[in-house]
Amino acid sequence: MSQPPVTNSQAEAVKDRMLQHDAFSKLLGLEVDEVGPGYCRLHFTVRPDMLNGFAALHGGVTFSAADSAFAFACNSHGRQSVGLTVTIDYLEAGKLGDVITVEAREEGLKHKVGVYQIRATNQYGVVLALFKGTAYRTSKEIL
């Protein structure tokens, strides 16, 4: 029996539910701009406490923001999903005051596995990082 298609309002409800308990995304100052089935776009501003010893955006912050976008995108279908594998390629460094946009897109969705590409760019459109995530889709409904 096939599932009804996920709507934007369902994806929003899942995002709201997740954010109620996601203290780390709040700590990073992530603001979710848009979610939909298999999709998330969020942004944040680089603060002084996000910089590494060379005054560049710490890779862990970039990774965490991408991981959050991945989580919102892969859980948007209403089934609790967990990351199986992720990789990230850092292409450029963010700087203090940059506004970083992170966009996650679903590339493939099967019964138990979803694959996502996540792209982090600065306010000038420069690609800072490319993140790929594979999620395991549990049978547990979120809402």
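Keep in mind it's a predicted model, so treat the numbers as computed, not measured. Count residues from 1 along the sequence. In what follows, every heavy atom counts, from backbone to side chain, and hydrogens, waters and symmetry copies are set aside.
Atom CG of residue Leu109 and atom NE2 of residue His77 lie 4.5 Å apart, to the nearest 0.5 angstrom. To the nearest 0.5 Å, atom CG of residue Leu19 and atom CD of residue Glu12 are 9.5 Å apart. Here the straight-line distance linking atom CD1 of Ile142 with atom CG of Asn75 works out to 4.0 Å at 0.5 Å rounding. The structure places OG of Ser81 at 12.0 Å from NZ of Lys140, a figure rounded to the nearest 0.5 Å. The NZ atom of Lys26 lies 8.5 Å from the NE2 atom of His21; values are rounded to the nearest 0.5 Å. Here NZ of Lys112 is found 9.0 Å from CZ of Arg137. Values are rounded to the nearest 0.5 Å.
Following chains of ILVMFWY side-chain contacts shorter than 4.5 Å, one cannot reach Leu130 starting from Leu57, and the two form parts of different hydrophobic clusters. Criterion: ILVMFWY side-chain heavy atoms under 4.5 Å apart, direct or through other members. Under it, Met50 and Phe54 are not part of a common hydrophobic cluster. At a threshold of 4.5 Å between side-chain heavy atoms, the hydrophobic network of Ile, Leu, Val, Met, Phe, Trp and Tyr places Leu42 and Val126 in one connected group. A continuous path of hydrophobic side-chain contacts links Met18 to Leu143 [ILVMFWY only; heavy atoms under 4.5 Å]. No continuous path of hydrophobic side-chain contacts links Ile118 to Val82 [ILVMFWY only; heavy atoms under 4.5 Å].
In this view, Phe63 and Phe131 satisfy the ring-ring contact (aromatic ring centres under 6.0 Å, His included) rule, not counting sequence neighbours. In this structure, Asp89 has no salt bridge (Lys or Arg N to Asp or Glu O under 4.0 Å) partners at least two apart in sequence or on a different chain. In terms of the salt bridge (Lys or Arg N to Asp or Glu O under 4.0 Å) criterion, Glu31 has no residue partners (sequence neighbours excluded).
The shortest side-chain heavy-atom distance between Val127 and Glu92 does not fall under the 4.5 Å cut-off.
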Ignoring hydrogens and angles, write down the donor-acceptor pairs under 3.5 Å from the side chains of residues 94-105, residues two or more places apart or on other chains.
residue, atom, partner, partner atom, Å
Asp98, OD1, Gln123, NE2, 3.2
Asp98, OD2, Lys95, N, 2.9
Glu103, OE2, Tyr39, OH, 2.4
Glu103, OE2, Arg105, NH2, 3.1

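Across every non-hydrogen atom of Leu84 and Tyr136, the tightest pair is CG-CB, 3.7 Å. Here the closest non-hydrogen pair linking Asn8 and Pro37 is OD1-CD, 3.1 Å. In this structure, Cys40 and Ala69 approach most closely via the heavy-atom pair CB-O, 3.6 Å. In plain terms, the two heavy atoms of Leu30 and Ala65 that are nearest each other are CD2-CB, 3.9 Å. The shortest heavy-atom contact between Ser76 and Gly38 is OG-N, 2.7 Å. Residues Gly78 and Val14 share a closest heavy-atom pair of CA-CG2, 4.1 Å.
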Where do Asp22 and Phe72 land on the side-chain contact (heavy atoms from CB on, under 4.5 Å) test, with the steps shown first?
CA-CA 11 Å; Asp22 189 348; Phe72 294 127; 4.1 Å; yes
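Residue pairs that meet the side-chain hydrogen bond (donor to acceptor under 3.5 Å, both in side chains) test with at least one member in residues 47-64, sequence neighbours left out, are Arg47-Asp49. Here ring pair (Phe, Tyr, Trp, His ring centres under 6.0 Å) pairs that include residues 85-120, with residues two or more places apart or in two chains, are Phe70-Tyr116.
Judged by distance alone, with hydrogens and angles left aside, the side-chain atoms of Thr138 form a donor-acceptor pair with the main-chain N or O of Gln80 at under 3.5 Å.
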